[in-house]
Amino acid sequence: MLTLSKVLKLQIQNALESAFPEAASAARAAGKRLDPLIVPASKPEFGDFQINGALPLAKPLKQSPRQIATAIVEQLETNADFLNLCKPPVIAGPGFINLILKPSCLVNEISSRLIDKRLGVPSIPPKKKNGEISPVVIDFSSPNIAKEMHVGHLRSTIIGDSLARVFEFRGYEVLRLNHVGDWGTQFGMLITHLKEVAPEALSTPNAIDLGDLVAFYRQAKQRFDEDNSFQLASREEVVKLQSEDPIALKAWKLLCDQSRREFQKIYDRLNIDLTERGESFYNPFLRQVIEDLKVKKLLVLDDGAQCVFLEGMTGKEGKPLPMIVKKSDGGFNYATTDLAAIRYRFDASPKGDNALRLIYVTDAGQANHFAGVFQIAERANWVPNHARLEHVPFGLVQGEDGKKLKTRSGETVRLRDLLDEAIERAESDLRLRLKEEGRLESEDFIEHVSKTVGIAAVKYADLSQHRLTNYQFSFDRMLSLQGNTAPYLLYALVRIAGLARKGGMIDIAPDELQFNEPQEWSLIRELLKFDEVIVEVEEELLPNRLCTYLFELSQSFNRFYDQIPILKTDEPYRKSRLALCRLTADTLKTGMTLLGIPTLERM
RNA sequence: GGGGCUGUAGCUCAGCCGGAUAGAGCGACGGUUUCCUAAACCGUAGGUCGUGGGUUCGAGUCCCGCCAGCCCCGCCA
């Protein structure tokens, strides 16, 4: 409906301007145009679109809104192209104009969707900068080496992946960057600990499996906190690492490799593709960041540290807020790395990523930090003209008590345990249902369905929530088989797959399509919204909009399925209804794929 | 002290550029299956949109004040 609503908007704008030529030319003289304010109808009984533009014109034109609406409608009724698309417009309420699309128009839209793999979503040509393709860079997931992925990484990973998929579908080149925490002072204690507990690992390849890295990290941390000589050794180790001592580097690499393997297991389960480029990657560029800030006269020495004072942000006692980019001991910190990363990502290749759009998917708690870093990047002139630099923040994952999600013993929940539990619960639900229905299924089937449903439930629960709000994690709710959940959507697809098995998904010629039931028309209208929703998600970066749409589409389909016979009806309705089923399945599958959720044929 | 986010039905949440009588789901109550997977469908009840002002023809939505919760604020990320 994207193109259709554009056409209508133009037609209505013309009608508005011919109805009120003086006001139109006055608006044009001011560099504006009269706005018909055409939006999707707020309720089905108001038709397909509503024109709100008559109301705000009442005052300047000194006419009643209904008079204005009448004048617009009179103009529209002289337009044959318009009358080809819409039924005669209806003036309603204080001065709204309701538009109802003609059935022939809707059927045309449906038949072009049926042969369009992109389901009406336009593909944009690849963006170019400096003559080369310019990717959208999305920075997401970003766990820390030697720590286990936990719920805190869940939202970034899932939301980032979904946004990346939407951009890819729209035709953008996307660079999915995993900015893992692979550098910093914590490596001092880790390497020191490694040298003591497993020195052989440094000389013999694959000599040791570090096993539970979390336990390893905890041991190292405990010794660091308790043992002075260990602390001293750790600090020395940091210096060695930074000066590229081969043994320290080897130990560092060992820890990174081990972590990478652990992370990859999670990414494989979640079916998420990422390019790892950790903080250490930017080490060679840190000095240049400081140099450039100095050249741009942004650098100030304060209390022994090199800072940039932020504009428009004040700290305690109203003083400008500093951002430290070089510590008093000469070391760099995360702000420096983040600045180097922005610079690199916008720079032209080969010494940069040549990006025009850079998106960070991190928790809302880092909003201040990114606002500061972005401001410095702007002031240092590292952000090209027309480039976009965005923080995409999200709220916390909370337990059902409304507090930060913890295990019963009060520890952070490991991501793999969380996924395991979702799958286990999905499995026991499934087994119970099979038993109740007297169905017999193979163990392979049960395993596959449980995994798919469990992971889908976790992802969908997260994505269907508005990004910014804190999100209350509940296995019971996300796996519930009713409501706005992954299983509900998956079930709609399973129903269609069942029809396909029994009735076949036959091809239908456009002129054979014929509909006569209200449930068909409401499903048709729902199907046609898909393209607008995708474009909206791309603009707003809010995957929950797609979830809401897919849920409403599923509801609309389930009503249709429940109330209208499909296989047991005469032609041409049988074929027409099957065509709607196929289009529903294609739309749901595409939508779910954009959420990163695989679908099922049976469940 | 400064800044950010949040506050909508008993619970969990939607609500698009300000538009018509504020919507879902869960839970509660009632109904639907000789028929394509009932993990579904239909119906009923449930609201001072935190609060007080302001802007507007029109405010859940925009502006200001206040209240509550969470988060951030110099050498961790």
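Labels below follow one simple rule: chain letters A, B, ... track the order of the sequence lines, proteins then strands, and each chain is numbered from 1. Keep in mind it's a predicted model, so treat the numbers as computed, not measured.
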Item to check | Nucleotide B/C5, atom P - distance to CZ of A/F394 in whole Å | outcome: 16 Å
Item to check | Base B/A20 to side chain A/N98, donor-acceptor N/O within 3.5 Å cut-off | outcome: yes
Checklist entry - Using a cut-off of less than 4.0 Å, is there contact between a side-chain N or O of A/R495 and OP1 or OP2 of B/A38? => result yes
Checklist outcome for this item: d(A/N144 CG, A/H179 NE2) to nearest 0.5 Å is 10.0 Å
Checklist entry - Considering only the P atoms, how many Å lie between B/A77 and B/A40, rounded to the nearest integer? => result 48 Å
Checklist entry - Is B/C72 in the syn or the anti form, by the rule that syn lies within 90° of 0? => result anti
Item to check | Distance test, side-chain N/O of A/N544 to OP1/OP2 of B/G15, below 4.0 Å | outcome: yes
Please list, one pair per line, the donor and acceptor atoms closer than 3.5 Å that link side chains of residues 555-568 of chain A to other protein atoms, with sequence neighbours excluded.
| unit_1 | atom_1 | unit_2 | atom_2 | d |
| --- | --- | --- | --- | --- |
| A/N558 | OD1 | A/R495 | NH1 | 2.7 |
| A/N558 | ND2 | A/Y488 | OH | 3.0 |
| A/Q563 | OE1 | A/Q519 | NE2 | 2.6 |

Next on the checklist: Please tell me if A/Q366 has a side-chain N or O lying less than 4.0 Å from either OP1 or OP2 of B/C72.
Outcome noted: no
Checklist outcome for this item: Comparing A/G184 with A/C307, nearest RNA chain B nucleotide closer to 5' gives the residue A/C307
Checklist outcome for this item: Walking RNA chain B from its 5' end, the first of A/D329 and A/D35 to be reached, judged by nearest nucleotide, is A/D35
Checklist entry - With rounding to whole Å, what would you report as the distance between B/U51 and B/A14 at their C1' atoms? => result 23 Å
Next on the checklist: Strictly below 4.0 Å: does A/R545 bring a side-chain N or O up to OP1 or OP2 of B/G15?
Outcome noted: yes
Item to check | Phosphate OP1/OP2 of B/C42: any A/R559 side-chain N/O under 4.0 Å | outcome: yes
Checklist entry - Taking atom types as they are modelled, is there a donor-acceptor pair under 3.5 Å from the base of B/C41 to the side chain of A/D562? => result no
Next on the checklist: In dot-bracket form, 5' to 3', how is RNA chain B paired? Count Watson-Crick and G-U wobble pairs only if both distances fall under 3.5 Å, and write | where the partner sits on another strand.
Outcome noted: (((((((..((((.....[...)))).(((((.......))))).....(((((..]....))))))))))))....
